[in-house]
Amino acid sequence: MTELKLTLNVKAAGATDALQAAAVRKTAATETLEDAWIRILAMKNSEPDNAKLHAVKQAMDNGKIGRDPASANKRFSKAEALRMYSVLAEQQREGKLAELVANTPDNYVLVTDETVLYELTLLAMKEPIIAVDTETTGLDVYSDVIVGVSLTLPTIDRHYYIPFEPTHDARALPIEALELLRPLIENESVGKVLHNAIYDIAMFRRHGITLKGLAWDTMTAMHLLNENEPSYKLKDLAPVYIGSESDTFAELFGKDAKFAEVPLDIALVYAAKDTHLTWDLYVFQSQHLKKMPEMYEYYCTVEVPLLIVIADLESNGYVLDLDFAKEYGEKLRRQAEALLSELLAVLTPFHEGEEQLNINSNQQLKPALSKAIGKELPNLDAKKTLKPLKSEFEIIAKLLEYKKITKLSGTYIDKLPLKQNAVTKRWHSRFNPMGTVTGRFSSGKDEEDKSEQGFNVQNQPKDARKMFVAPPGKVIIGADFKAQEIRCVAHLSGEKVLIDAFLNERDPYASLASDFHGKPYEEVYKTAEGDDTVERKEMKVGMLAAIYGTSKYTLAEQLNTTPNEAQAFLDRMFKTMPQLDGWIKETQEFAAKYGFVWMDGKQRKRRLPDAKLKAKWGDKDTWRKISRAKRQGPNGRVQGSSSIQTKVTMIRAYEMCQRKEGWRLWGTVHDELLFEAPIDFTEQDAQDVEDVMTNSYKFGDVPNGSDLEVMTIWGKGVPVSKWFADKESK
DNA sequence: ATTCTGAGCCAC
DNA sequence: AAACGTGGCTCAGAAT
């Protein structure tokens, strides 16, 4: 498969120019079908389009499908080929469905009788571990409902599908019969294996059933086994890892089909196969993961229980102050309008073209602005290009202000209010624990349904956070890990200078800057006015550069100096931290040798195959890949190990919330956990939060630190000490 | 109308 | 041997 694709791509790349010229010369009458195919396949086609085009070509070659006579006199186009794919897919779909039903395995069982279902649950409860899946009316876990449940009972090798009432078939059981499954789903001692468990947990929750005994999620486990996998859909993984091909729901039933409308004989084969595949994938995955005992242990004790925590966090959701959002949004709109008319007044004379200048189009703005200031701009990057020109040209200052405002209202203030859930009246985001290659959470989109865009909680700007408020009678408590990544790298590298700073409870940047400049600690920590000193700032930038693998050129820009000076600074900085320096080099050498790096305690891997590449002289492309992989090595270890700390701490925090009345986990933003707590929480409660933050996961001997903030509006907090002091004085 | 991509920018 | 690691969302523009 891969080889075929490569050959075609190579051919396409080399032949493109000649082909384009040929295509222009040729008329519709002279281009043969074969030539048309070469031309179409040489286009920049998306991966799905490419697959469709090849399917059509093959079907045409085999005489299974032909051109519509109505368009036979026109030049054969990609559009026509794709239209033919729809016809082909429809032809094949009917054949496939008939074949599926005819070949229903004997051990796939449709359950349409309550007594049989009851007996099935008794049988299932004898199993130590089963596979579970739900079919639903749609993908919104707050408004859609279950239409069927699949179960795989491995010891007897049977796979069941139980359709419920929304299903358009009289044989489906009444939805009340879902209750018969409760004792099984809620039974802690029957392990459950699912693919994308968060989804099914939420669906069962819709029906008041709490899934217990979660043992494995084949989707998240796959991320741990290979974070570079192109797709984590069950139907994409199965052929690769368990050699079992099957069609996706859309392929079989069409894009907009509803599972409730699928005939039961087909639904059985499709749904029972889901848990069957899930089970087989689980067997494969657990065998492989067990070969790496630390990873296996990490998966079972952190990533699996974390799914329950996330499902609960997501379902809790957020409360937004809509009045504030409306008022603030209008204020921003007025400001943007005023700025826009000023910008247009200046820039329109420099704009070429019939239409009115669109300020939001960089393609139009760049030439107009360049002419207006009499300087050719390379791009419109706010930080690198525009900001340095801000004081020289008023128009640029106004443009920056305009961009900032329209970004804020266009992405956050105006958009978020539209995403309220109609059923719960709250705002629910998604937290994907395997959303990043390092192990951090991603937030916003659904991994299995990327078309449906949610909202990202983790990149809300400070001004947008003001929309998020604590529910009535509650406060939001934010607890961060103080200098999490620096403590992490201190532990991983064993860097004495850093570890000592933390043991002495000193600010690491100030401590480093003090050594570096030979000045007293207090002098470089804070200025008389309480601001950060230049020495501390510089050291902070330098340390982050070390972790991120920043080049001397970028660092020079950040420190407002020359690349040589920046390099000299880094050299001197590393000289004061020899263990850190050595650790970075060792990590890069390890990556180059093995093609991966370990997170803390071998609990997780970051696979960097490019680090093993060898670049010949002048091969810049390969060199760039190697350089990138080299930067990713140390950074991945730090970011990934830090995320392990955050995840372990989240589980302990969740357990703490379970013990406290009215407490829930509200969110997480990488190095920070947020709680929802009763407004009359006690100092002991605050102490418990701090204990959870600092004691749940240790980076060796490096102590953890945490700052707590109390707020009713996200981002507008007071330190917990001040909260209680204010309370006292009232 | 729908889908995709790149530039740009928000967070840590 | 030039460009900072991990994400997600919006907009414009292009392609179909």
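Per chain, numbering begins at 1; letters A, B, ... match sequence-line order.
For A/Val437, the side-chain atoms get nearest to C/dG7 when compared with the rest of C/dG7, C/dG5, C/dA2. Of all nucleotides listed (C/dA2, C/dT6, C/dG5), C/dG5 comes nearest to the side chain of A/Arg631. Here B/dC12 is the nucleotide among B/dC10, C/dA3, B/dC12 with the atom lying nearest to any side-chain atom of A/Asp671. Closest to the side chain of A/Lys419, out of C/dC9, C/dA2, B/dC12, is C/dC9. Residue A/Asn459 has its side chain nearest to B/dC10 when only B/dC10, B/dG8, C/dA12 are considered. Minimum atom distance to the side chain of A/Trp623 is reached by C/dA1, of the listed B/dC9, C/dA1, B/dC10. Nearest nucleotide to the side chain of A/Asn360, out of B/dA11, C/dA2, C/dA12: C/dA12.
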Check against side chain to side chain donor-acceptor pair (under 3.5 Å), A/Asn226 and A/Glu229: CA-CA 6 Å; A/Asn226 179 21; A/Glu229 196 72 31; 3.0 Å; yes
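Backbone-only engagement by A/Leu380 is indicated by non-hydrogen atom pairs under 4.0 Å involving sugar-phosphate atoms exclusively. No engagement by A/Val638 is indicated, since no non-hydrogen atom pair under 4.0 Å with the nucleic acid exists. Within 4.0 Å of A/Gln460, counting heavy atoms only, lie sugar-phosphate atoms of the nucleic acid but no base atom. When heavy atoms are screened at a 4.0 angstrom cut-off, A/Ser643 is found touching no nucleic acid atom at all. Within the nucleic acid shown, A/Arg637 has no heavy atom closer than 4.0 Å to any nucleic acid atom. Contact annotation for A/Arg440: base contact, defined as any heavy-atom pair under 4.0 Å involving a base atom. Across all strands shown, A/Ala382 has heavy atoms under 4.0 Å from sugar-phosphate atoms exclusively, and none from any base. Across all strands, A/Lys625 comes closer than 4.0 Å to no nucleic acid atom at all (heavy-atom distances). Within 4.0 Å (heavy atoms only), A/Gln639 reaches at least one base atom of the nucleic acid. Residue contacts for A/Gln364: at a heavy-atom cut-off of 4.0 Å it reaches the sugar-phosphate backbone alone, with no base atom in range.
A/Phe596 carries A/Lys605 over the face of its six-membered ring, with the cationic atom under 6.0 Å from the centre and within 45° of the normal. Relative to the ring axis of A/Phe590, A/Lys585 does not place its NZ or CZ within 45° and under 6.0 Å from the centre.
For A/Leu416 and C/dT10, the CG to C1' distance is 14 Å, given to the nearest whole Å. We find that CG of A/Asp480 is positioned 15 Å from C1' of B/dA11, with the value rounded to whole Å. Whole-Å rounding puts the A/Arg430 CZ to C/dC9 P distance at 12 Å. Distance A/Lys366 NZ to C/dA12 P: 18 Å, rounded to the nearest Å. In this structure, A/Asp463 places its CG atom 12 Å from C1' of B/dC10, rounding to the nearest Å. Regarding A/Gln363, its CD atom lies at a distance of 12 Å from the P atom of C/dA12, rounded to whole Å. Atom P of nucleotide C/dT10 and atom NZ of A/Lys403 are separated by 17 Å, given to the nearest angstrom. Rounded to an integer number of Å, the gap from A/Glu227 CD to C/dG5 P is 16 Å.
One finds a side-chain N or O of A/Ser361 lying less than 4.0 angstrom from the OP1 or OP2 phosphate oxygen of C/dG13. Taking only side-chain nitrogens and oxygens, A/Arg628 never comes nearer than 4.0 Å to OP1 or OP2 of C/dA2. Contact annotation: A/Ser442 reaches the phosphate of C/dG8 (side-chain N/O to OP1 or OP2, under 4.0 Å). The side chain of A/Gln632 contributes an N or O atom lying less than 4.0 Å from OP1 or OP2 of C/dT6.
The two residues A/Pro367 and A/Asn362 come nearest to each other via the heavy atoms CD-O, 4.4 Å.
Per the stacking criterion (ring centres < 5.5 Å, plane angle < 30°), A/Tyr548 stacks onto the base of C/dG5.
Aromatic ring centroids of A/Phe468 and A/Trp427 lie 6.0 Å or more apart.
Nearer the 5' end of DNA chain C, as judged by each residue's closest nucleotide, is the contact made by A/Ser627, out of A/His670 and A/Ser627.
We find that A/Asp446 and A/Arg430 are joined by a salt bridge, their nearest charged nitrogen and carboxylate oxygen being less than 4.0 Å apart. Electrostatic pairing of A/Arg628 and A/Asp610 does not count as a salt bridge here, judged by no charged N lying under 4.0 Å from a carboxylate O. Salt-bridge formation is detected for the pair A/Lys647/A/Glu303: a Lys NZ or Arg NE/NH1/NH2 atom is positioned less than 4.0 Å from an Asp or Glu carboxylate oxygen. In this structure, A/Arg333 pairs ionically with A/Asp414, as a charged nitrogen and a carboxylate oxygen lie closer than 4.0 Å.
DNA chain B is contacted by A/Lys407, A/Tyr412 of residues 404-414 of chain A, taking any non-hydrogen atom closer than 4.0 Å.
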Please set out all donor-acceptor pairs under 3.5 angstrom arising from side-chain atoms of residues 478-490 of chain A, sequence neighbours excluded.
from: A/Asp480; atom 1: OD1; to: A/Asp707; atom 2: N; distance (Å): 3.0
from: A/Gln484; atom 1: NE2; to: A/Ser642; atom 2: O; distance (Å): 3.0
from: A/Gln484; atom 1: NE2; to: A/Gln645; atom 2: OE1; distance (Å): 3.0
from: A/Gln484; atom 1: NE2; to: A/Thr646; atom 2: OG1; distance (Å): 3.1
from: A/Arg487; atom 1: NE; to: A/Lys482; atom 2: O; distance (Å): 2.6
from: A/Arg487; atom 1: NH1; to: A/Pro703; atom 2: O; distance (Å): 2.6

